[in-house]
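Below, chains carry the letters A, B, ... as their sequence lines are ordered, and counting in each starts from 1. These numbers come from the heavy atoms of this one structure, side chains and all, not from hydrogens, waters or symmetry mates.
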Amino acid sequence: MADAPPLLRVRDLRTRFTTDAGTVRAVDGVSLTLRRGETLCVLGESGSGKSVTGFSIMNLIPAPPGEIVGGSVLFAGRDLLALPEAEMQTIRGNDIAMIFQEPLSALNPVYSVGEQIAEAIRRHRGGTRRAARARAVEMLATVGIPEPARRARDYPHELSGGMRQRVMIATARACRPKLLIADEPTTALDVTIQAQILDLIRRLQRDTGLAVLFVTHDVGVAAEIADRIVVMYAGQVVEEAPAEALLADPKMPYTQGLLKSVPTPGEDGRLPMIPGQVPDPLRPPAGCAFAPRCPHADADCGAAPVALEDIGGRLVRCRRWRAIAGAAGREAAA
Amino acid sequence: MTAPLLAVRGLGKEFALRDGPFGRVTGTVKAVQDVSFDIRRGEVVGLVGESGSGKTTTGRAILRLTDPTAGSVRFDGIDVTALPRRDLRALRRRMQIVFQDPFDSLNARMTAAETVGEALTIHGLARGRARRDRIADLLARVGLPPAVMDRHPRAFSGGQRQRIGIARALAVEPDFIVADEPVSALDLSIQAQIVNLLIDLKQDLGLTLLFISHDLAVVEHISDRILVMYLGRIVEAAPARRLFAAPRHPYTRALLSAAPGVKTAARRERIILKGEIPSPIDPPSGCVFRTRCPIATPACAARVPPLTGTADGHAVACLQQTSE
């Protein structure tokens with residue numbers, strides 16, 4: 001299995017935005033791989049570059065002010081960044097679908113949701129209008145929309161946030177994509193509705209063998225849905241590992257701090273926290289971007305860039321991870 | 001037993017829905033219905049609920065930022081609901097609010113010092129040199145150096161803006177603060193900083209706080225007692241630890257189970273509720289939760305279950321739980 005070529009291989013992706021105040025390296029050398037049927041979570045806080053990574057993979061960076069300045073995105077053997085826009089349009093929707101935090105912005109307000117799904121089906125699969133409409137209703141049923149034939153005639157604004165997200169997933173599913181890029185799809189939803197949508201994405205994946213690139217800021221959601229987790233900070237990958245290993249034994253101090261600051265049900269009192277704030281994207285530090293907030297940093301950490309190190313099935317960007325793990329081990333043993 | 005600082009009784013808020021060219025009333029949104037609870041001096045009470053639960057409206061009605069349509073709010077013996085508008089200013093000195101969005105709630109043209117100092121001026125609390133010293137003290141209290149005094153909101157991060165919002169609320173030395181989703185717009189690492197700040201302020205200043213949030217885990221960290229709201233009504237009330245150890249209302253159980261947590265995420269069995277929150281324009285008869293409830297019976301449609309408490313301060317509004 002491990003020898004099967006990955007569905008998606010992103011190498012050294014670099015995306016920057018030019019503003020009046022200067023240039024921001026939003027994505028600064030990101031590499032990812034994603035296999036068929038796998039869910040990879042890209043976890044990060046505001047400004048980490050996680051969403052820009054997703055949009056860069058789709059080649060949907062608005063230029064100007066954005067520009068993909070380096071790297072490659074190999075999808076089923078083809079470099080998406082080198083494709084003409086016409087070919088890329090065929091891939092979007094057919095092979096790769098994308099869902100967003102606010103589905104209202106992605107749905108057309110003047111067409112019913114049934115028409116929109118049918119249109120997507122006809123565009124990507126052909127067939128008659130009538131067959132596409134029937135299939136659209138079928139799709140709405142598979143994503144758990146009650147009375148699908150009636151709901152198909154509703155306009156986007158007539159549906160709740162959770163229902164709109166189901167419509168987006170139905171549209172994505174209708175075209176049988178191989179890869180779904182989900183950018184914070186549950187962030188705007190209430191927690192009981194979020195649980196429904198995560199369950200839906202999981203079932204969709206089990207039934208169709210879809211690969212999912214799931215972008216989120218929410219550690220709990222990542223824990224819920226990921227096979228592997230990539231943690232981003234200030235435009236770079238700082239840690240990558242299988243989900244269980246990353247959650248149980250994070251190596252990078254930023255990941256450690258982030259996991260500790262999640263409030264745990266059943267506990268009260270002060271929360272462990274990361275002091276300070278993310279660096280100014282216009283003036284990134286010379287060395288490790290997390291060094292100014294890191295409890296373990298020494299003078300050398302801030303001096304020169306730190307490489308992402310392969311430590312056996314997982315990656316970590318930290319000069320001192322061995323010393324930190326050793327000290328934690330001694331503390332636990334004492 | 002001393003009287004509670006805040007006593008809310010039978011609080012209700014309905015909004016008229018208007019439509020058509022003459023603004024004819026076509027219905028009412030029952031945002032809050034028959035909400036009663038007390039807050040003792042020095043206590044932090046968490047108010048938890050999803051969209052449409054009425055938690056924000058409850059907080060605003062307590063402060064008379066919106067006028068309730070039923071019930072009463074007594075604050076330190078004063079009937080807030082009966083107070084003439086002109087007397088509200090004196091009340092606002094004692095009751096403050098911190099908002100969710102630190103980007104919208106600060107005036108972009110005012111410096112940090114002006115924002116924090118405005119209330120001091122309005123209430124005539126300090127002038128000149130004393131005023132500037134007091135502002136510096138307040139900013140230090142929320143973890144901001146004096147150097148930030150003359151900066152405008154755009155120069156601050158989300159977490160820093162929320163600190164300014166808290167300093168503004170503290171300026172008048174209020175007895176009571178409503179914090180409405182104060183950390184929801186913040187990144188996780190910053191959220192922890194602000195929760196810790198509020199915990200420190202509670203300990204140092206003996207703040208009495210109503211902490212409104214959709215996030216049960218955050219609420220538990222800061223609250224002594226928690227109220228759970230659903231579709232305008234309180235469905236469960238309990239000491240914070242107890243609510244997590246032994247939730248009794250089926251909605252609370254589902255909410256706890258649905259909240260993704262890292263340490264509990266071993267792909268456990270979850271309770272996934274069917275359907276969505278019904279419209280508050282036409283809430284279900286009887287128990288408002290019955291349309292999504294896994295244990296509802298036909299009896300649940302017949303009457304509104306009363307919030308029934310036990311001696312340990314744990315109250316639940318559920319026929320199935322109280323008839324056992």
Item to check | Heavy-atom check, side chain of B:S189 versus side chain of A:Q277, under 4.5 Å | outcome: no

Checklist entry - Looking at CG of A:L159 and CD of B:E276, how far apart are the two atoms once the value is rounded to the nearest 0.5 Å? => result 9.0 Å

Next on the checklist: Determine whether a donor-acceptor pair (N or O, by modelled atom type, separation under 3.5 Å) exists between the side chain of A:Q196 and the backbone of B:L273.
Outcome noted: yes

Next on the checklist: Given 3.5 Å as the limit, does a donor-acceptor pair link the side chain of A:E45 with the main chain of B:L188, or not?
Outcome noted: yes

Item to check | Reported CG-to-CG distance for the pair B:N196 and A:L271, which is rounded to 0.5 angstrom | outcome: 5.0 Å

Next on the checklist: Would you say B:E50 and A:T192 are linked by a side-chain donor-acceptor pair, where the criterion is simply a distance under 3.5 Å?
Outcome noted: yes

Checklist entry - What are the two closest non-hydrogen atoms of B:S51 and A:D190, and how far apart are they? => result OG-OD2, 2.7 Å

Next on the checklist: Between A:P272 and chain B, with a heavy-atom cut-off of 4.5 Å, which part of the residue counts as in contact: side chain, backbone, both or neither?
Outcome noted: backbone

Next on the checklist: Would you compute the distance between atom CZ of A:R270 and atom CG of B:L198 and round it to the nearest 0.5 angstrom?
Outcome noted: 11.0 Å

Next on the checklist: Please determine whether the number of non-hydrogen atoms from other residues, nucleotides or ligands lying under 6.0 Å from atom CZ of A:R314 exceeds 12.
Outcome noted: yes

Checklist outcome for this item: Checked A:P146, A:G276, A:G162 vs chain B; the most non-hydrogen pairs under 4.5 Å come from A:G276

Next on the checklist: Using heavy-atom distances under 4.5 Å, tell me whether B:V218 contacts chain A through its side chain, its backbone, both, or neither.
Outcome noted: both

Checklist entry - What part of B:Q203 lies closer than 4.5 angstrom to a heavy atom of chain A: side chain, backbone, both or neither? => result neither

Item to check | Contact origin within B:K202 toward chain A - heavy atom pairs under 4.5 Å | outcome: neither

Checklist entry - Of the backbone (N, CA, C, O) and the side chain (C-beta and beyond), which part of B:I277 lies under 4.5 Å from a heavy atom of chain A, both, or neither? => result side chain

